[in-house]
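Quick notes on the structure that follows.
Because the structure is predicted, anything quoted here is derived from the model rather than measured.
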Amino acid sequence: MQKVVERSAGRKNRRCNGGCAGGPKVIVDPEEGKRLVDEYGREALFLTPVDNKYVMELLKHLGIRDVHDFLDSDKAAMFIRDFKS
């Protein structure tokens with residue numbers, strides 16, 4: 001999927017394969033944004049949020065005990081977004 005990045009100061013719109021880091025209307029050059037995200041990913045201590053004990057501790061405070069609780073729409077309601085409206 002390609003998303004358009006609107007550039008300020010009258011520059012041409014650019015497209016990013018797979019979407020752009022920062023989303024539409026980003027002010028960072030898409031290639032620079034990708035480089036920074038890739039660099040952060042290589043340096044991250046945890047590969048996924050589930051691997052991060054601090055994320056899991058926060059989720060427990062929100063009533064989510066493990067990843068399977070995300071299948072319960074009542075428990076996961078705060079994470080569900082409606083893009084139709």
Report the distance from atom CE of M56 to atom CD1 of I64, rounding to the nearest 0.5 Å. 8.5 Å
Joint hydrophobic cluster, F70 plus M78, side-chain heavy atoms closer than 4.5 Å: yes
Among Ile, Leu, Val, Met, Phe, Trp and Tyr joined by side-chain contacts under 4.5 Å, find the other residues sharing a cluster with L36 and list them by chain and number. none
About how many Å separate CG of D51 and CZ of F46, when rounded to the nearest 0.5 Å? 8.0 Å
For the OH atom of Y54 and the CG atom of L59, what is their distance to the nearest 0.5 Å? 15.0 Å
Applying salt bridge (charged side-chain N to carboxylate O under 4.0 Å, His left out), run through E39 and R42 and close with a yes or a no. CA-CA 5 Å; E39 181 180 317; R42 285 189 299 275; 5.1 Å; no
So, E57 and K60, do they make that salt bridge, N to O below 4.0 Å? no
Nearest heavy-atom neighbours spanning A76 and D69: CB-O, 4.2 Å
Taking D38 first and then K34, would you say they form a salt bridge - that is, a charged N and a carboxylate O separated by under 4.0 Å? yes
Could you give the distance from CZ (F79) to CG (L62), rounded to the nearest 0.5 Å? 5.5 Å
Mind checking the NZ-NE2 spacing from K75 to H68? Nearest 0.5 Å is all I need. 12.0 Å
Find the distance between CG (L58) and NZ (K53) and round it off to the nearest 0.5 Å. 14.5 Å
